[in-house]
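Here the structure is a predicted model, which means the values were calculated and not measured. Keep in mind that the numbers below use all heavy atoms, side chains included, and drop hydrogens, waters and symmetry copies. In what follows, chains are A, B, ... by sequence order, proteins preceding strands, each numbered from 1.
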2 protein chains.
Amino acid sequence: MTDDSGPTAKPERGAMSGATGDRGKGSGTSSAPPGATTPRRTPRHGARKRSSIIAGEIRSRIITDGLDPGDSLPIEKLMIEDFGASRATIREALKELEVQGLIRMKTGPNGGPIVAGSSPLEALQAIRNFCYFEKVTIHDIYELRSALEVQMVQSAAGRIDAATFERLDALIEISAAPASDEAERRRQREAEFEFHTVLAEAAPNRLLTLMIEVIAGILVSATARDSARHQMHGDWSCENSRYHADIVAALRREDAEAAAALMHEHMTQAHRHLELIYGDLTLEDIALTPRERD
Amino acid sequence: MTDDSGPTAKPERGAMSGATGDRGKGSGTSSAPPGATTPRRTPRHGARKRSSIIAGEIRSRIITDGLDPGDSLPIEKLMIEDFGASRATIREALKELEVQGLIRMKTGPNGGPIVAGSSPLEALQAIRNFCYFEKVTIHDIYELRSALEVQMVQSAAGRIDAATFERLDALIEISAAPASDEAERRRQREAEFEFHTVLAEAAPNRLLTLMIEVIAGILVSATARDSARHQMHGDWSCENSRYHADIVAALRREDAEAAAALMHEHMTQAHRHLELIYGDLTLEDIALTPRERD
DNA sequence: TTTGATTTGTTCGTATGTATC
DNA sequence: GGATACATACGAACAAATCAA
């Protein structure tokens with residue numbers, strides 16, 4: 001798949017741009033390990049961690065080479081030669097980029113590090129951490145969420161295709177039906193959030209979509225535990241689905257202002273409801289669920 | 001306050017909560033001689049990477065123990081025993097948490113991993129990555145920025161103390177004065193952005209503050225290169241500082257609505273101006289500056 | 001100021017599971 | 001199924017940074 005020397009001018013496997021490497025290994029420390037001549041690099045003092053420097057270098061190369069998601073990067077062995085660092089150091093640099101969501105590691109032949117597409121997971125994690133330390137409350141989240149959702153619905157108006165409308169209708173139907181057991185009620189809550197993320201996907205502003213998904217992610221993990229516990233959720237769920245239906249109706253006739261007003265009202269109601277349940281509780285006890293990736 | 005049970009309920013160095021550890025490896029104490037059978041853990045097929053699992057475990061312990069920034073975590077050696085993993089694996093787990101900004105490593109006696117306070121840098125980096133891959137435009141950013149800043153100024157109204165007002169006045173004065181050389185013009189641009197971040201700091205919503213700082217960070221790195229190049233910036237800067245002065249005046253008389261309206265107008269103007277310069281240019285060539293940490 | 005202890009940072013070598021061919 | 005290529009994991013050791021005596 002990757003081995004095409006055709007018109008694609010992209011630097012394939014292992015090429016990348018500058019092969020700096022080999023940084024002044026001259027001053028090798030005299031103390032040689034038992035393995036005889038091991039030309040140990042001098043991890044110069046004063047600098048940042050070597051792994052971070054290398055990570056930054058790899059990052060720069062990804063950008064300057066204009067690599068797209070799915071493209072392969074040089075395998076570990078080549079990087080060891082290029083940078084003149086040990087395997088562990090290279091692996092740490094790769095780990096940094098992996099945690100940042102820039103690359104993914106793939107085992108087996110033709111494996112190695114590959115450029116990962118953008119994913120909101122890293123931003124979600126970072127903002128979750130922030131919420132944990134900064135004692136963010138339900139009020140704070142909804143203040144932000146309201147602003148984002150209102151802007152989003154205005155931006156999405158007139159840009160929603162038929163398929164998306166159908167998905168929205170289906171989600172409304174799920175959350176509108178009366179829930180009998182807890183599992184079903186939980187599914188309803190999920191559908192309510194999914195309504196907002198599906199709507200956000202329709203907006204052309206990817207940054208806005210990201211923010212809304214992050215906020216939704218924080219809220220679901222915050223309310224997941226007792227999403228089905230409270231009896232209030234029954235009435236509330238009904239109210240929610242009515243708002244959702246009204247918003248979709250406004251969007252169908254491409255009335256951005258009405259949709260925005262409804263969304264604002266919807267957020268205000270949801271804010272009031274959740275504050276009734278949780279009060280001024282900070283999210284410090286809910287953030288940072290382990291959450292497996294991918 | 002999650003900690004009950006007496007005065008100093010915080011688990012000091014190395015205590016943490018559950019000492020699960022010791023999975024399998026019954027003969028742990030008998031340090032295996034170099035040539036002996038290494039009781040290798042089975043990295044089971046379906047499972048995730050061991051380092052990520054351990055990282056999640058450490059993360060959970062930080063939360064359940066209610067650790068605050070500055071608190072110490074067990075040193076590597078203890079973790080090796082607790083988790084029954086090799087040093088490289090432990091270090092990879094620690095690296096993951098470090099990249100996520102949750103911990104910092106400290107060398108020397110009394111060193112080890114310590115809980116790092118919340119920092120917007122990780123969120124900034126994650127969102128920058130996202131912008132790089134998703135081809136976010138100036139329009140997208142300003143759509144979001146406008147919503148955030150308007151909400152922020154409403155939230156900050158009536159909560160600004162005298163010292164903050166003075167700082168804001170000083171920043172306005174800097175950007176209002178006519179710029180002679182490029183360096184000065186660059187300083188003006190910085191002051192303009194700083195106006196918004198200082199204002200955001202006054203808002204009680206930390207999450208909103210974070211978002212605004214992240215957006216500002218993306219914009220400065222996007223416009224830093226040619227912030228002083230364009231002649232237009234002269235007039236524009238003048239207009240900006242007038243808006244800033246008007247907003248501050250509205251905030252002084254605690255007129256949230258007027259301040260919000262002015263901010264909205266300000267954002268619209270800024271949006272128009274930048275789009276005039278950059279057009280529909282995506283940010284993919286500006287994001288991801290290496291940026292050294294701390 | 002120097003010395004020594006503690007802990008992370010870096011390196012080597014090696015073994016094993018896993019995915020592709 | 002076997003061979004190959006690759007990441008994942010283990011262990012031991014030295015280097016550098018930091019702090020305390």
Whole-Å distance separating the [atom1] atom of [X] from the [atom2] atom of [N]:
{"X": "A:Met105", "N": "D:dA5", "atom1": "CE", "atom2": "P", "result": "18 Å"}
{"X": "A:Glu76", "N": "D:dA7", "atom1": "CD", "atom2": "P", "result": "4 Å"}
{"X": "A:Glu92", "N": "D:dA9", "atom1": "CD", "atom2": "P", "result": "14 Å"}
{"X": "A:Ile90", "N": "D:dC6", "atom1": "CD1", "atom2": "P", "result": "15 Å"}
{"X": "A:Ile103", "N": "D:dA7", "atom1": "CD1", "atom2": "P", "result": "10 Å"}
{"X": "B:Lys49", "N": "D:dC6", "atom1": "NZ", "atom2": "C1'", "result": "13 Å"}
{"X": "B:Lys95", "N": "D:dT8", "atom1": "NZ", "atom2": "P", "result": "16 Å"}
{"X": "B:Leu73", "N": "C:dT8", "atom1": "CG", "atom2": "C1'", "result": "14 Å"}

Closest to side chain of [X], choosing from [options]:
{"X": "A:Ser86", "options": "C:dT10, D:dA9, D:dA7", "value": "C:dT10"}
{"X": "B:Thr89", "options": "D:dA7, C:dG9, D:dC10", "value": "D:dC10"}
{"X": "A:Arg50", "options": "D:dT8, C:dT11, D:dA9", "value": "C:dT11"}
{"X": "B:Ala85", "options": "D:dC10, C:dT8, D:dC19", "value": "D:dC10"}

Both B:Ile80 and A:Leu94 contact DNA chain D. Taking the nearest nucleotide for each, which residue is further toward the 5' end?
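Going by which nucleotide is closer to the 5' end, it is A:Leu94.
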Cationic N near anionic O, under 4.0 Å, B:Arg91 to B:Glu96
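Not counted as a salt bridge, because no side-chain N and carboxylate O are separated by less than 4.0 Å.
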Under-3.5 Å N/O pairs linking protein and nucleotides 3-6 of chain C:
unit_1 : atom_1 : unit_2   : atom_2 : d
C:dT6  : O2     : B:Pro109 : N      : 3.4

With sequence neighbours excluded, residues passing side chain to side chain contact (heavy atoms under 4.5 Å, CB included) with [X]:
{"X": "A:Arg187", "result": "A:Ile174, A:Glu190, A:Ala191, A:Glu194"}
{"X": "B:Pro204", "result": "B:Ser155, B:Arg159"}
{"X": "B:Ile80", "result": "B:Arg87, B:Ile90"}
{"X": "A:Ala202", "result": "A:Ile160, A:Thr164"}

Base, sugar-phosphate, or nothing for A:Lys77, non-hydrogen atoms under 4.0 angstrom?
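Counting heavy atoms under 4.0 Å across all strands, no contact is made by A:Lys77.
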Any side-chain N or O of B:Arg91 less than 4.0 Å from the OP1 or OP2 oxygen of C:dT8?
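So the side-chain polar atoms of B:Arg91 never come under 4.0 Å of the phosphate oxygens OP1 or OP2 of C:dT8.
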With a 3.5 Å limit on both atom pairs, tell me what C:dT11 is paired to, counting Watson-Crick and G-U wobble, or say none.
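For C:dT11, the partner nucleotide comes out as D:dA12, under the 3.5 Å rule.
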With a 3.5 Å cut-off and just heavy-atom distances, do the side chain of B:Arg87 and the base of C:dG9 make a donor-acceptor pair?
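By the distance-only test, yes, there is a pair.
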So how far is it from A:Ile103 CD1 to A:Arg59 CZ, rounded to the nearest 0.5 Å?
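A:Ile103 CD1 to A:Arg59 CZ: 10.5 Å, rounded to 0.5 Å.
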Output every pair passing salt bridge (charged side-chain N to carboxylate O under 4.0 Å, His left out) with a member in residues 207-222 of chain A, not counting sequence neighbours, ordered by first then second residue.
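Checked against salt bridge (charged side-chain N to carboxylate O under 4.0 Å, His left out) - neighbours excluded - no pair reaches residues 207-222 of chain A.
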